[in-house]
Amino acid sequence: DCPDLKAKKEAAQKERESRETAALEKMADTVAMKTAEKMQKAKETGGKLIQIVTRPGLSLMQEQEEAMAGDKSMTVLRLDCTKIKDFGDYDDFKELEGWDKLMALANYPADKRGFANGIWGMTAVVATVAGPILGGWITDNISWSWIFYINVPVGIFAAAGTWFILRNRETETQKLPIDLVGLALLIVGVGALQIMLDKGNDEAWFQSPFIVTLAITATVFLAFFVVWELTDDNPVVDLKLFGRRNFTIATLCVTLGFMTYFAGVVLLPLWLQNEQGYTPTWAGITTASLGLMGAIFSPIVGRLTDKIDIRVIVTFGMLLFAGLSFVKADANTQISFEQLFLTRLPWGIGLACFFIPLITLSLTGLPSSKVASASGLFNFMRLIALSFGTSLSVTMWDRRQAYHDHVLSAHTSMSDPLTQQWLAQAQAQGLTEQQAYGALARTISEQSFMLGLNEMYFLAGCVFLSLTVLVWLSRPRG
């Protein structure tokens, strides 16, 4: 009997090891599938954000003409984007976009700049409400290409409106030589940087020779660009603006702040669609709530920036962002739509208190001849921050998810009593043994993504807290 008993034990052990191997393989397949889906969504969300920077000496009339050209170009480009067949083509088209101008500042006196920023900010925030909802509905019910088609009539209307409103506001023009060398260095350097950020996670970052080449190219060209612009008589980008305390601090705050803020804007819809089963429409509705309060508070905050210390308003916005981030860092997979929608409402208030005063702060103390250059450079850094925020947040989230998946899997050994109890309960509810293993793998994957997302929000809260200190180094009245 002893040999038979020993053989039975060995057979049972082999069967148990076989089940463990099958479960682990199932976990690996599930994690790989989820990661692939998440990265595909990141691709759809991403894109290049290369911004043309306004150079010194542009008159209002030149800005008007460029704004009209921008509206026309954006209309044509959005129409061409409907022909895109893959993400690479989308990258190529996105490189050509970026004609947005902060023209409101040139049409308001200096003591009304805060109010002008508030009005402009309100229109910008409206896009965060309508965009995700409309884009999600179009994707679900028509076709994603119509996200671009719908821009055609809007672009035509914007171009006509710009010309009609500003046609009689021509000012003295000044023709300056174009810094072709600086422009070439900027295009190549920023282009390489953007492609590196877009493709980095897919190519395993610096394990790929392609990414290493892009990183070296971006570093070399941008280094030469800085040296060239600081010594050229008519630079395409006036880097000497960073010699001004208020501009430097405002730009640094908006760069780090927007990079952190946009990470949450990107990751939450990815998590909702990939892990919570939301459709693009409902993910858009959930995330759009942050723009509702922003649209209401933007003109109010704009008015306040002309009356009270800008640093107080920015500090309030940063502290609100930090508090909301720490609250979100304690979320779980059972969070409801109502909880997500309502907790994102105050984000709009924080965005208005954070973004609009920093625009005003960046222009404080600047002569009118420098406003166009400062606005362009400030906006350029903000868009670069969005690109960095997208790429870095997805990469960090992916790696933290893999880490937590490994840790959780290590604590779910098939010999563990709690794991056996969980599997027994799953089978008692009607699942087969193999289905129970699959359900366990899915649960581990869901929890690891949730833990990774919570850590990203906790990190965001810490960044916002640090920025509340940085902003007090500025001198709004100086």
Problem - Within residues 279-310 or reaching into it, pairs that qualify as ring pair (Phe, Tyr, Trp, His ring centres under 6.0 Å) - sequence neighbours excluded - result: Trp282-Phe337

Problem - Ile211 and Lys199: CA distance, side-chain angles, deciding distance, side-chain contact (heavy atoms from CB on, under 4.5 Å) verdict - result: CA-CA 8 Å; Ile211 298 299; Lys199 303 294 186 181; 4.2 Å; yes

Handout entry: Closest approach of Leu268 to Lys328 (non-hydrogen atoms, all atoms of both residues)
Key = CD1-CE, 4.1 Å

Handout entry: Interatomic spacing from CG in Leu267 to OG1 in Thr287 - rounded to 0.5 Å
Key = 12.5 Å

Exercise for the section: Mark yes or no for whether Glu275, through its side chain, and Met450, through its backbone, hold a donor-acceptor pair below 3.5 Å. Expected result: no

Practice task
Measure across Leu197 and Ser387 and return the closest heavy-atom pair with its distance rounded to 0.1 Å.
Solution key: CD1-OG, 3.7 Å

Handout entry: Interatomic distance, Tyr403 atom OH to Arg400 atom CZ [nearest 0.5 angstrom]
Key = 6.0 Å

Practice task
Walk me through it: do Tyr278 and Trp271 pass the test ring pair (Phe, Tyr, Trp, His ring centres under 6.0 Å)?
Solution key: CA-CA 9 Å; Tyr278 280 57; Trp271 178 71; 7.9 Å; no

Handout entry: Pair Thr333-Glu446, side-chain donor/acceptor within less than 3.5 Å
Key = no

Practice task
Assess whether side-chain contact (heavy atoms from CB on, under 4.5 Å) is satisfied between Cys353 and Ile349, documenting all intermediate values.
Solution key: CA-CA 6 Å; Cys353 294; Ile349 303 175; 4.3 Å; yes

Practice task
Could you tell me whether the side chain of Phe157 reaches within less than 4.5 Å of the side chain of Pro153, counting heavy atoms only?
Solution key: no

Completion exercise
Rounded to the nearest 0.5 Å, the CZ atom of Arg303 sits from the CD1 atom of Ile300 at a distance of 11.0 Å

Problem - Side chain Ser208, main chain Trp205, donor-acceptor under 3.5 Å - result: no

Exercise for the section: Mark yes or no for whether Arg245, through its side chain, and Leu473, through its backbone, hold a donor-acceptor pair below 3.5 Å. Expected result: yes

Exercise for the section: Using modelled atom types only, decide if a donor and an acceptor are shared between the side chain of Asn246 and the backbone of Ser362 within a distance under 3.5 Å. Expected result: no

Practice task
List the atom of Leu467, the atom of Cys253, and the distance in Å for their closest heavy-atom pair.
Solution key: CD1-O, 3.9 Å

Problem - Aromatic contact, Phe355 with Tyr261 (centres under 6.0 Å) - result: no

Problem - Side chain Gln401, main chain Gly452, donor-acceptor under 3.5 Å - result: no

Exercise for the section: Report the C-alpha distance between Thr217 and Val188 in whole Å, list the side-chain angles of each, state the deciding distance to 0.1 Å, and finish with yes or no for side-chain contact (heavy atoms from CB on, under 4.5 Å). Expected result: CA-CA 8 Å; Thr217 301; Val188 176; 4.1 Å; yes

Handout entry: Any donor-acceptor N/O pair, Ser391 side chain to Phe388 backbone, under 3.5 Å
Key = no

Exercise for the section: State, with a plain yes or no, whether a side-chain heavy atom of Phe225 is found less than 4.5 Å away from one of Val190. Expected result: no

Handout entry: Side chains of Leu186 and Val237 in contact at under 4.5 Å (non-hydrogen atoms)
Key = yes

Problem - Main-chain N/O of Thr360 paired with Thr364 side-chain donor or acceptor, under 3.5 Å - result: yes

Fill in the blank from the handout: Ser448 and Asp405 have their tightest heavy-atom pair at CB-N, 3.5 Å

Exercise for the section: Would you check if Ser289 and Leu342 make a side-chain contact, meaning some heavy-atom pair closer than 4.5 Å? Expected result: no

Practice task
Measure the shortest side-chain to side-chain distance between Ile384 and Gln194 over non-hydrogen atoms and say whether it is less than 4.5 angstrom.
Solution key: yes

Handout entry: Asp330 atom CG: more than 12 heavy-atom contacts under 6.0 Å
Key = no

Handout entry: Heavy-atom pair of closest approach, residues Val226 and Leu239
Key = CA-CD1, 3.8 Å

Handout entry: Approximate separation, where rounding is to 0.5 Å, of Thr251 OG1 and Leu358 CG
Key = 9.0 Å

Fill in the blank from the handout: In this structure, NZ of Lys370 is separated from CG of Leu363 (nearest 0.5 Å) by 13.0 Å

Exercise for the section: Look at the rings of Tyr457 and Trp347 and say which category their plane angle falls in: under 30° parallel, 30 to 60° tilted, over 60° perpendicular. Expected result: perpendicular

Practice task
Please test Ile359 against Thr305 for side-chain contact (heavy atoms from CB on, under 4.5 Å), starting from the C-alpha separation and ending with a verdict.
Solution key: CA-CA 10 Å; Ile359 298 176; Thr305 57; over 6 Å; no

Exercise for the section: Report yes if the side chains of Leu459 and Met396 come closer than 4.5 Å at any heavy-atom pair, otherwise no. Expected result: yes

Handout entry: More than 12 heavy atoms of other groups within 6.0 Å of Leu392 CG
Key = yes

Practice task
Step through the shown structure and confirm whether more than 12 heavy atoms of other residues, nucleotides or ligands are within 6.0 Å of CZ on Phe221.
Solution key: no

Problem - Side-chain donor/acceptor of Asn454 to backbone N/O of Ala331, under 3.5 Å - result: yes

Exercise for the section: Of all the heavy-atom pairs spanning Trp397 and Phe449, show the shortest one and how long it is. Expected result: NE1-O, 3.1 Å

Result block: side-chain N/O donor-acceptor pairs under 3.5 angstrom for residues 313-326, not counting sequence neighbours:
residue	atom	partner	partner atom	Å
Thr315	OG1	Arg311	O	2.7
Thr315	OG1	Trp472	NE1	2.7
Ser325	OG	Phe321	O	2.8

Exercise for the section: Kindly compute the distance separating CD (Gln273) from OG1 (Thr286), expressed to the nearest 0.5 Å. Expected result: 10.0 Å

Problem - Donor-acceptor contact below 3.5 Å, side chain Thr248 vs main chain Phe242 - result: yes

Handout entry: Check: His406 main-chain N/O paired with Ser409 side-chain donor or acceptor under 3.5 Å
Key = no

